[in-house]
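To keep things clear, I will list the structure first and then write my remarks on it.
As the structure lists them, so they are numbered: ligands from 1, and atoms in each ligand from 1.
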Amino acid sequence: MHSDYARDYAGGMSYIADSERYSSMPYVRCGNSGLLLPRVSLGLWNNFGNDRDFETQRAIVRRAFDRGVTHFDLANNYGPPPGSAERNFGEILRQDFADYRDEMIISSKAGFDMWPGPYGEWGSRKYVLASLDQSLKRLGLDYVDIFYSHRPDPNTPMEETMGALVTALDSGRALYIGLSNYDAAQTTDALAILEDMGVPLLIHQPRYNFFDRRLEDGLLDVLRENRIGSIVYSPLAQGLATDRYLNGIPDDSRIRLTHWLDDSVVSETYLEHARALNEIALQRGQSLAQMAVTWTLRHPEVTSSLVGASSVAQLDANLDAALAAPLTAEELAAIEPHAVHALVDAWLSE
Ligand SMILES: NC(=O)c1ccc[n+]([C@@H]2O[C@H](COP(=O)([O-])OP(=O)(O)OC[C@H]3O[C@@H](n4cnc5c(N)ncnc54)[C@H](OP(=O)(O)O)[C@@H]3O)[C@@H](O)[C@H]2O)c1
């Protein structure tokens, strides 16, 4: 599907970015850094593996950039298979974005299971730096803009993982560093270590949506006190905070096409809350997906909302949320009883 067809096709279809691309997207400074990020950014976890049509991937990335999305988020393991999202994005960069690299913020991460053996996951210096080198090769880049520790490693000294991130910076392989999936206490520990090393943390990447509200439980305070920016992932709860499943489970949906979600999440209780949220969204002239993004952006500590999209139409709808009016106190109060933590992930309440 990918490669030959795409390469042949590319010959006659060179891309010139929309000259109006910076006219509407708002950009917000990430914490106390100098870096501005778009209010809505695009993630390539799903929808960019070898299981998806390359030309659709390419169209989504082009459209995002044309609408002012400067930030594209990846990780070593995105696919499937793991690594293929970086490879496909690297191909899109090569074909379409060679002239635009300096207008793009590209991130990658290391932390989850990537290759066999004891050095293929978690937070050792060995794994983190080898993984970054692999990512750069797949992406076809000399450096990433942001490099993350993808998850805390309980069995590696935090100093070692932070030290590997700092080496990534010092060696020019990354311009900034970030943490993902670290809780408030782990973030505080990591910040102390980085401060000792004299290196600022740019950004935190936690999950945040109507049905996963852990961010509100201490981490927001740590971010505010330390003036660290954040980019919240899965703001649409992988599609559950949209109207995607209100009338059944579509064949082309993440529930049907991946193993990240299964039918059981679309319970009667879920549907009751999702329908109520959908009504609130429609009353304020948004789709549920758009209101979900707007809701994540209501905290000043949240710099950007990191959406996924399986089509250009979904992306377009989500980007419109960057321009939406903030939720009123009445709307927030109406949403509150339906933004039920752990509604679709029972493990969150364990
Ligand atoms: N740091 C981490 O540990 C971590 C973990 C997960 C994700 N992330 C990052 O966050 C990014 C986003 O995660 P995510 O894909 O779970 O995000 P999401 O925005 O919560 O969900 C995206 C999915 O929602 C559906 N959707 C999107 N826009 C829609 C719309 N307007 N109307 C209806 N349905 C819509 C699509 O599902 P269908 O495919 O069914 O069409 C799409 O694939 C990832 O790509 C990755 O960069 C990071």
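Atoms of ligand 1 found under 4.0 Å from any heavy atom of Leu44 (numbered from 1 in listed order, with element): 45 (O), 47 (O). Within ligand 1, counting atoms from 1 as listed, the ones closer than 4.0 Å to a heavy atom of Asp73 are 9 (C), 46 (C), 47 (O). Within ligand 1, counting atoms from 1 as listed, the ones closer than 4.0 Å to a heavy atom of Ser310 are 38 (P), 39 (O), 41 (O). Interface atoms of ligand 1 facing Ser253, defined by a heavy-atom separation under 4.0 Å, are 40 (O). Taking a cut-off of under 4.0 Å to the non-hydrogen atoms of His150, the atoms of ligand 1 that pass are 1 (N), 2 (C), 3 (O). Heavy-atom proximity to Gln238, at under 4.0 Å, picks out these atoms of ligand 1: 16 (O), 18 (P), 20 (O), 21 (O), 23 (C), 24 (O). Atoms of ligand 1 lying under 4.0 Å from any heavy atom of Ser180, numbered from 1 in the order shown and given with element: 1 (N), 2 (C), 3 (O). With ligand atoms numbered from 1 in the order given, ligand 1 contributes 9 (C), 10 (O), 11 (C), 12 (C), 47 (O) to contacts under 4.0 Å with heavy atoms of Leu306.
Of all protein heavy atoms, the one lying nearest to atom 34 (N) of ligand 1 is Thr242 OG1, 3.4 Å. The nearest protein atom to atom 18 (P) of ligand 1, hydrogens excluded, is given as Leu236 CB, 3.7 Å; this is a heavy-atom distance. Given atom 38 (P) of ligand 1, the protein heavy atom at minimum distance is Arg244 NE, 3.5 Å. The nearest protein atom to atom 10 (O) of ligand 1, hydrogens excluded, is given as Tyr233 CB, 3.2 Å; this is a heavy-atom distance. Of all protein heavy atoms, the one lying nearest to atom 16 (O) of ligand 1 is Ser234 OG, 2.7 Å. Protein heavy atom at the shortest distance from atom 44 (C) of ligand 1 is Trp45 CB, 3.3 Å. Atom 3 (O) of ligand 1 has its closest protein heavy atom at Asn181 ND2, 2.8 Å. Looking only at protein heavy atoms, the nearest one to atom 15 (O) of ligand 1 is Arg254 NH2, 2.7 Å.
Side-chain atoms of Asn226 and Leu201, non-hydrogen and from C-beta on, never get closer than 4.5 Å to each other. Within the 4.5 Å cutoff, the side chain of Trp295 has heavy atoms near those of the Phe210 side chain. Residues Glu121 and Arg151 are in side-chain contact: their nearest non-hydrogen atoms beyond the backbone lie under 4.5 Å apart. In this structure, the side chains of Ile92 and Phe54 come closer than 4.5 Å at one or more pairs of heavy atoms. Annotation: side chain of Leu132 is in contact with side chain of Val144 (closest heavy-atom distance under 4.5 Å). Between Tyr245 and Arg254, some side-chain heavy-atom pair lies under the 4.5 Å cut-off.
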Inset, instruction - Could you walk me through whether Glu301 and Arg224 pass the salt bridge (charged side-chain N to carboxylate O under 4.0 Å, His left out) test, one step at a time? - result: CA-CA 6 Å; Glu301 297 81 4; Arg224 186 175 51 257; 2.7 Å; yes
Legend entry - Check against side-chain contact (heavy atoms from CB on, under 4.5 Å), Val128 and Glu160: CA-CA 10 Å; Val128 169; Glu160 180 170 337; over 6 Å; no
Legend entry - Steps toward ring pair (Phe, Tyr, Trp, His ring centres under 6.0 Å) verdict (Tyr208, His299): CA-CA 11 Å; Tyr208 188 51; His299 301 292; 5.5 Å; yes
Legend entry - Step-by-step salt bridge (charged side-chain N to carboxylate O under 4.0 Å, His left out) determination, Arg214 to Asp345: CA-CA 12 Å; Arg214 286 172 297 171; Asp345 292 300; over 6 Å; no
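Some N or O of Ala237 is nearer than 3.5 Å to an N or O of ligand 1, by distance alone. Looking at Gln205 next to ligand 1, an N or O pair under 3.5 Å apart turns up. Residue Gly43 has at least one N or O atom closer than 3.5 Å to an N or O atom of ligand 1.
Evaluated by nearest non-hydrogen atom to atom 17 (O) of ligand 1, the leading choice among Ala292, Ala241, Gly308 is Gly308. Of the candidates Asn318, Leu261, Leu319, it is Asn318 that places a heavy atom closest to atom 28 (N) of ligand 1. By heavy-atom distance, the residue among Arg151, Lys109, Gln314 lying nearest atom 26 (N) of ligand 1 is Gln314. With atom 46 (C) of ligand 1 as the reference point, the heavy atom nearest to it among Tyr78, Phe112, Tyr148 is part of Tyr78.
Aromatic ring pairs are classed by plane angle as parallel below 30°, tilted from 30° to 60° and perpendicular above 60°; the pair Tyr182 and His204 is perpendicular. Classification of the Phe65-Phe72 ring pair by plane angle, with boundaries at 30° and 60°, yields tilted. Tyr15 and Tyr100 have perpendicular rings, their planes meeting at more than 60° on a 0 to 90° scale where under 30° would count as parallel.
Contacts between Asn47 and ligand 1, counted as non-hydrogen atom pairs separated by less than 4.0 Å, involve the side chain only. The residue Ser311 has no part lying near ligand 1, judged by heavy-atom distances below 4.0 Å.
To the nearest 0.5 Å, atoms CG (Asp243) and CD (Gln290) are separated by 10.0 Å.
Heavy atoms from other residues, nucleotides or ligands lying under 6.0 Å from OH of Tyr119 number 12 at most.
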